[in-house]
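Accompanying notes for the structure given below.
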Amino acid sequence: MSSLLIKNGTIVTMDRDGRIIEDGYVYVEDDLIREVGGQPGLHLVERAEETIDASGMAIIPGLVNAHTHLFQTLIRGLADDKPLLQWLQSVVWPVTAAMNEEECYWAALLGCLENLRSGATSIISQHYINASLHNFDRVAEAVSDSGIRALLARGFADKNYYPAIQEDERTILLAMERATHKWQGAAAGRIGVEFGPLIPWGCSEHLMTQVVRLATEWGVGIHIHIAETREEVEMVLAETGKRNIEWCADLGVLGPRTQLVHCVWLTPAEITTIAASGSTVVHCPVSNMYLASGIAPIAKMRKKGVNVAIATDGPASNNSQDMLEVLKFTACLQKVHTLNSRVILPEDVLEMATLGGARAMGLADTIGSLEVGRKADIAVIDLDTPHTAPVHRVPSALVYNTNCGDVDTVIVDGRVLLQGKRFCHLDEEAVLKTAGRAARGLLARAGVKVS
């Protein structure tokens, strides 16, 4: 049995009472939190095999990045200043369609390290580059090697999509069955698998009925982009006569294990439908601004009882995966949208980034707060910096001041992955160099010249 004591930090528990414990400690045995409190007794100090001094730091539940595309790390910055469909057509589709298995691995490993550096201990990544059956495997292997917790949505489209990426129904369902059998519960339970239909306009209704049936049968979730742009809503209306959420509801897609990504262009009735279904909305504020897609009305959604998680989106539409940066944008975007400075408070943002993400992953009783019996997924954030000090309110400092460079220590499943801002288990410099070579090879093979 391994044991770890983190002490002298300000603990943001995210428990039901919203407790914040100054000069507190978290005691971990193996992969679970065993004690949380004020100053530890001598028995814990003596029992702990390893001790981390978190003086001047905040100890928080690991953040959940509830929507990204890990493979996009190799193409970040190539398609700036374009709306969604042009962004897809000009770079994302033609370049990523050429990705091979090794490039998928190094892109994903780089993406996992980037997430860990920003305090994200869990991610939901949608992977839809499937020219090789083993591309998904290599992404899962990278997740396993990185130590992060992940829900991997096997992405697909069977119509209206880029031909090199589009797949037929049989191929999709067989590949999903294989991925679920091989990876569900892998890496000591850190990896989960779910269906990842890309968008309503790219998936036939027959395919979606099969997805809903099998997701229920296999006990897995569904992860889908919804109403990201006004143009996409019009496309689905023209083809089906239905708005995005009505289309989902009629096909049985909605439910507690479903994550609806973006949800920018919704009607009040659609928000009510989502709330009644128990589905999660995943908000990607930076991506929505970057692609000029619009502003998701998440404050209205939360008032209706919708569970909202937050995310970076993929590195090609952000262009980073800095979850701490996303915290600030989440708050500020709603304030300027509603002209109400109190519409979203720091505590609300932290709830979405931790417990909201845990619910999205189906892990509401497992991660998301620092409580006895929960998984030891923990981030320690340095608050003793020129851009945070003096700290009057820790939730405010976390949301409005910090960035990925402030993350000192990251623990997943009780394993210390980052300490003193250095990775303990992987050679970060080697990963950066290899991923850089992979990116250059990919662009050369795809015939893309960077101007």
Pairs of donor and acceptor atoms involving the side chains of residues 291-299, under 3.5 Å and at least two apart or interchain, shall be tabulated with distances.
none

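- Inspection of the Asp313 and Ser287 side chains reveals an N or O donor paired with an N or O acceptor under 3.5 Å.
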In sequence, state the C-alpha distance, the side-chain angles, and the governing distance for Leu152 and Phe136, and then conclude on side chain to side chain contact (heavy atoms under 4.5 Å, CB included). CA-CA 9 Å; Leu152 299 178; Phe136 186 90; 3.7 Å; yes
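- Tyr25 and Glu35 share a side-chain donor-acceptor pair at under 3.5 Å.
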Before giving the answer on side chain to side chain contact (heavy atoms under 4.5 Å, CB included), spell out for Ile222 and Glu194 the whole-Å C-alpha distance, their side-chain angles and the decisive distance to 0.1 Å. CA-CA 6 Å; Ile222 299 173; Glu194 64 179 351; 5.8 Å; no
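- Rounding to the nearest 0.5 Å gives a distance of 13.5 Å between CD of Glu101 and CD1 of Ile129.
- Of the charged side-chain nitrogens involved, none lies within less than 4.0 Å of a carboxylate oxygen, so that Arg440 and Glu103 do not count as a salt-bridged pair.
- With 3.5 Å as the limit, one finds no donor-acceptor pair spanning the side chains of His425 and Asp145.
- Using a 3.5 Å distance cut-off with no hydrogens or angles, the side chains of Thr312 and Asn65 do pair a donor with an acceptor.
- Ring planes of His225 and His67: perpendicular class, angle over 60° (limits at 30 and 60°).
- Between the side chains of Asp137 and Trp183, at least one donor N or O lies within less than 3.5 Å of an accepting N or O.
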Check the pair Ile199, Ile224 against side chain to side chain contact (heavy atoms under 4.5 Å, CB included), reporting the backbone distance first and the verdict last. CA-CA 6 Å; Ile199 44 334; Ile224 182 170; 5.6 Å; no
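- Of the N and O atoms on the side chains of Ser55 and Asp53, at least one donor lies less than 3.5 Å from an acceptor on the other residue.
- Aromatic ring centres of Phe195 and Trp218: separated by under 6.0 Å.
- Residue Cys112 comes nearest to Ile148 through the heavy atom pair SG-CG2, 3.9 Å, listed as atom of the first residue, atom of the second, then distance.
- In the model, Gln321 has a side-chain atom that pairs as donor or acceptor with a side-chain atom of Thr68 under 3.5 Å.
- Using a 3.5 Å distance cut-off with no hydrogens or angles, the side chains of Asn288 and His262 do pair a donor with an acceptor.
- Asp23 and Asn8 form no side-chain donor-acceptor contact under 3.5 Å, judged by distance and modelled atom types alone.
- For Thr180 and Glu177, the side-chain atoms include no donor-acceptor pair closer than 3.5 Å.
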Would Lys300 and Lys303 count as a side chain to side chain contact (heavy atoms under 4.5 Å, CB included) if you check the C-alpha gap in whole Å, the side-chain angles of each, and the deciding distance to 0.1 Å? CA-CA 5 Å; Lys300 291 181 180 178; Lys303 284 185 178 180; 5.7 Å; no
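- Only one option out of Ile367, Leu63, Leu363, Thr366 pairs with Ser122 in a side chain to side chain contact (heavy atoms under 4.5 Å, CB included); it is Ile367.
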Atom pairs and distances, donor-acceptor, side-chain atoms in residues 427-434, under 3.5 Å, two or more places apart:
unit_1: Asp427; atom_1: OD1; unit_2: Glu429; atom_2: N; d: 3.2
unit_1: Asp427; atom_1: OD1; unit_2: Ala430; atom_2: N; d: 3.1
unit_1: Glu428; atom_1: OE1; unit_2: Arg117; atom_2: NH2; d: 2.9
unit_1: Glu428; atom_1: OE2; unit_2: Arg117; atom_2: NE; d: 2.8
unit_1: Glu429; atom_1: OE2; unit_2: Lys433; atom_2: NZ; d: 3.3
unit_1: Thr434; atom_1: OG1; unit_2: Ala430; atom_2: O; d: 2.8
unit_1: Thr434; atom_1: OG1; unit_2: Arg437; atom_2: NH2; d: 3.4

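- Tyr128 and Gln126 share no side-chain donor-acceptor pair at under 3.5 Å.
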